There are 2 protein chains.
Amino acid sequence: MPKKTTIYDIAKALNITAATVSRALNDSPRVKKATKELILETAKQMNYEQNKLAQALKSGKSYNVGVIVPYINSNFFASVIRGIEEELYPKGYHVIICQTHDQENLEIENINSLLNAQVDGVLMSISNSNIETNPAFKNLVRKHVPLIFFDRKKDIKGVSSVTIDDFKGAYMATQHLIEQGCKRIAHLSNDQSLEIFQNRFLGYKQAILDNGFEFDCNLVVETTSKVESGSLSTKKLLSLNNPPDGIFASCDFSALGAIKEIKAHGLSIPDDISVIGFSNEPFSQFMELSITSIDQSPMEMGRIAANVFLDEVNSNGNVKSEKHIILAPELIERKSSIKELLLVD
Amino acid sequence: MPKKTTIYDIAKALNITAATVSRALNDSPRVKKATKELILETAKQMNYEQNKLAQALKSGKSYNVGVIVPYINSNFFASVIRGIEEELYPKGYHVIICQTHDQENLEIENINSLLNAQVDGVLMSISNSNIETNPAFKNLVRKHVPLIFFDRKKDIKGVSSVTIDDFKGAYMATQHLIEQGCKRIAHLSNDQSLEIFQNRFLGYKQAILDNGFEFDCNLVVETTSKVESGSLSTKKLLSLNNPPDGIFASCDFSALGAIKEIKAHGLSIPDDISVIGFSNEPFSQFMELSITSIDQSPMEMGRIAANVFLDEVNSNGNVKSEKHIILAPELIERKSSIKELLLVD
DNA sequence: CTGTTAGCGCCTTCAC
DNA sequence: GTGAAGGCGCTAACAG
């Protein structure tokens with residue numbers, strides 16, 4: 001086991017003090033150029049590498065940032081993470097990724113792990129709707145660890161957030177279906193205790209009302225972010241006396257489930273039923289019957305969240321005003337909802 | 001900023017020494033039961049939490065393990081990571097995830113970051129085919145940081161690995177196409193400097209030869225793991241004088257590209273051309289035209305890799321024999337390759 | 001400009 | 001059983 005060389009080793013070799021070595025290594029202006037160069041030189045020769053742990057212990061900073069997401073294997077979250085990484089790596093931060101699998105206990109464990117790792121901040125998209133009552137979470141807040149929500153947020157005092165305008169996205173999606181001629185539009189909703197899903201529901205409802213349609217609560221079915229769940233809910237919708245001719249799903253996965261179910265019933269898309277999803281996952285584009293969806297510019301969301309974090313860290317708790325940044329959604333039209341292809345020209 | 005309570009605070013409150021507190025907290029047998037309980041009690045009351053950083057500094061262990069993968073947004077890698085997490089979390093380790101985006105420089109940066117974080121081990125699936133010549137990588141080996149390869153491995157002395165039998169998987173895939181009646185089977189290959197892709201190519205070739213077909217190198221086209229690349233290569237194949245009637249893609253993404261391209265040419269799948277992928281990504285199942293693929297049991301791969309790591313750490317460098325564990329692939333038959341649906345019954 | 005000293009929070013001999 | 005003391009590697013305050 002080759003012992004690691006420390007600044008003391010370098011100091012000894014050069015007959016100076018560790019303090020000077022430390023200063024030189026940190027490029028302090030109070031070191032003679034000659035000695036500095038000498039130190040840097042010998043440091044390299046001796047294969048010196050800074051022990052970040054010791055530095056962290058000393059400074060109280062770890063230069064680690066935790067990112068907690070429900071799943072890492074969705075393009076949306078993976079892209080947000082990518083955006084975060086791109087902003088934070090150049091600043092010397094390292095990104096620790098944790099996934100909750102939408103399980104409350106795992107979310108708690110993750111928070112604890114991150115606290116143990118002494119992270120300098122946490123960027124998260126919550127799964128647990130009762131998060132604020134949890135001890136682990138309270139710890140996070142009590143310790144003044146900068147916390148930023150993205151996408152799945154909760155309104156908590158002092159916590160900044162970056163989201164898209166889910167209400168608007170949902171409104172656009174519903175409006176789009178109406179413009180395609182749909183008269184009875186159903187909504188595959190999701191956990192209403194999470195703001196994003198609540199807003200998607202509200203946007204949907206508003207669009208329905210604004211267009212002079214009647215809001216029918218039988219057309220709103222709760223689902224999860226799973227394909228199977230989308231199928232199941234759609235099955236219910238199709239068994240109604242007066243089934244829908246359009247479906248706005250709160251995520252692409254449930255939209256996929258809906259499509260499978262509709263086909264299984266021998267109905268055609270978009271002619272019998274138009275479908276639109278949310279998130280613009282790549283598969284929605286790959287599908288033979290490509291899925292219309294709402295893009296959430298995840299990379300940008302990640303970048304912005306990272307910068308909000310950096311602002312908080314660098315202001316040392318001075319600028320403690322929370323920020324709430326809301327990005328604009330974008331409608332991506334594809335086959336699952338466009339009926340008038342034949343009418344073109 | 002509420003200062004964190006340390007073992008000294010507890011010691012002071014109880015009029016004893018920090019040493020005793022430390023011992024009690026670590027459940028040392030050399031502490032009177034009464035004092036131990038008292039200490040534990042007050043620790044809880046004072047909201048004491050161990051500073052892992054200090055402990056890590058002292059012990060030289062960080063209880064952090066790094067996982068490096070090309071991408072996190074593929075189901076395969078996400079599942080391997082999940083498997084790793086499941087084994088390591090209960091042992092007190094935390095998993096730090098890094099992605100390389102198949103870029104050599106990022107792979108290097110990630111290794112350096114992980115070394116800085118003083119990780120106790122690295123589990124990785126390599127992107128950089130020249131990895132062993134790189135300084136960062138040499139560092140890893142020189143420092144005796146346990147290193148385990150999974151899936152994308154390289155034969156390096158002293159480094160254990162967990163993979164599936166790619167040769168066999170490829171052989172099975174090709175054999176399957178032959179059994180479906182394909183006579184001219186093409187292969188969308190991938191970076192041949194990585195063992196897994198080399199083995200997939202070799203398995204394909206062997207199956208071709210074993211069945212009495214002639215190996216035609218014009219039917220082997222290099223691709224990347226991207227959908228577009230699969231389309232592009234397929235375009236080339238379709239423009240041959242004697243185009244293939246079956247395609248074995250080295251990954252599901254290029255298989256998807258192939259399918260898109262084949263359809264764009266107005267050909268039918270599987271009747272004109274059968275297609276089979278590799279990895280059993282969920283979308284291969286979701287597709288309207290579901291894709292036949294090879295399953296790699298990623299969760300299990302992750303679990304095993306984690307356990308190989310644990311063995312290495314716990315043996316303190318004694319048992320320095322490398323392990324090479326090879327899992328069995330499984331053929332998942334779906335629509336993109338099964339022609340005789342009409343013949344059933 | 002450089003050295004001295006002390007401490008971040010924890011653990012671990014060595015004594016008693 | 002418990003206390004005292006030193007050190008993991010680094011940095012920062014205070015001297016000079």
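All chains are named by letter (A, B, ...) in the order of the sequence lines, taking the proteins before the strands, and each is independently numbered beginning at 1. As a basis for the values below, the full set of heavy atoms in this structure was taken, side chains included, without hydrogen atoms, waters or symmetry mates. Computed from a prediction, not measured in an experiment: that's the story for all the values here.
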Taking only N and O in the side chain of [X], is any of them less than 4.0 Å away from OP1 or OP2 of [N]?
X: A:Asn51; N: D:dC8; result: no
X: B:Gln55; N: C:dC11; result: yes
X: B:Ser22; N: C:dC10; result: no

To the nearest Å, how far apart are [X] [atom1] and [N] [atom2]?
X: B:Ile7; N: C:dT12; atom1: CD1; atom2: P; result: 11 Å
X: A:Ile39; N: D:dC10; atom1: CD1; atom2: P; result: 13 Å
X: A:Asn26; N: D:dT11; atom1: CG; atom2: C1'; result: 8 Å
X: B:Asp27; N: C:dC11; atom1: CG; atom2: C1'; result: 15 Å
X: A:Glu49; N: D:dC8; atom1: CD; atom2: C1'; result: 17 Å
X: B:Arg23; N: C:dT13; atom1: CZ; atom2: P; result: 11 Å
X: B:Gln118; N: C:dC10; atom1: CD; atom2: P; result: 18 Å
X: B:Lys32; N: D:dG3; atom1: NZ; atom2: C1'; result: 14 Å

Would you call the rings of [X] and [Y] parallel, tilted or perpendicular, taking 30° and 60° as the class edges?
X: B:His94; Y: B:Tyr89; answer: tilted
X: A:Phe137; Y: A:Phe149; answer: parallel
X: B:His101; Y: B:Tyr71; answer: perpendicular

Nearest to the side chain of [X] - [options]?
X: A:Thr17; options: C:dT2, D:dT2, C:dG3; value: C:dG3
X: A:Arg30; options: C:dT12, C:dC10, D:dC14; value: D:dC14
X: B:Ala19; options: D:dT2, C:dC10, D:dG3; value: D:dG3

Quick check: on DNA chain D, is the nucleotide nearest B:Lys33 upstream (toward 5') of the one nearest A:Leu57, or the reverse? Name the residue that is more 5'. B:Lys33

Assign [X] to base, sugar-phosphate, or nothing according to its heavy-atom contacts below 4.0 angstrom with the strands shown.
X: A:Ser59; result: nothing
X: B:Leu25; result: nothing
X: A:Leu53; result: nothing

Begin from the C-alpha positions of A:Arg82 and A:Glu86 and carry the test salt bridge (charged side-chain N to carboxylate O under 4.0 Å, His left out) through to its verdict. CA-CA 6 Å; A:Arg82 182 81 188 114; A:Glu86 284 188 356; 3.6 Å; yes

The residue among A:Ile148, A:Asn307, A:Leu147 that forms side-chain contact (heavy atoms from CB on, under 4.5 Å) with A:Glu312 is A:Ile148

Does A:Tyr8 contact D:dC8 through a side-chain donor or acceptor facing the base, at a distance under 3.5 Å? no

Upstream residue (5' side of DNA chain C) when A:Lys36 and B:Lys58 are each assigned their closest nucleotide: A:Lys36

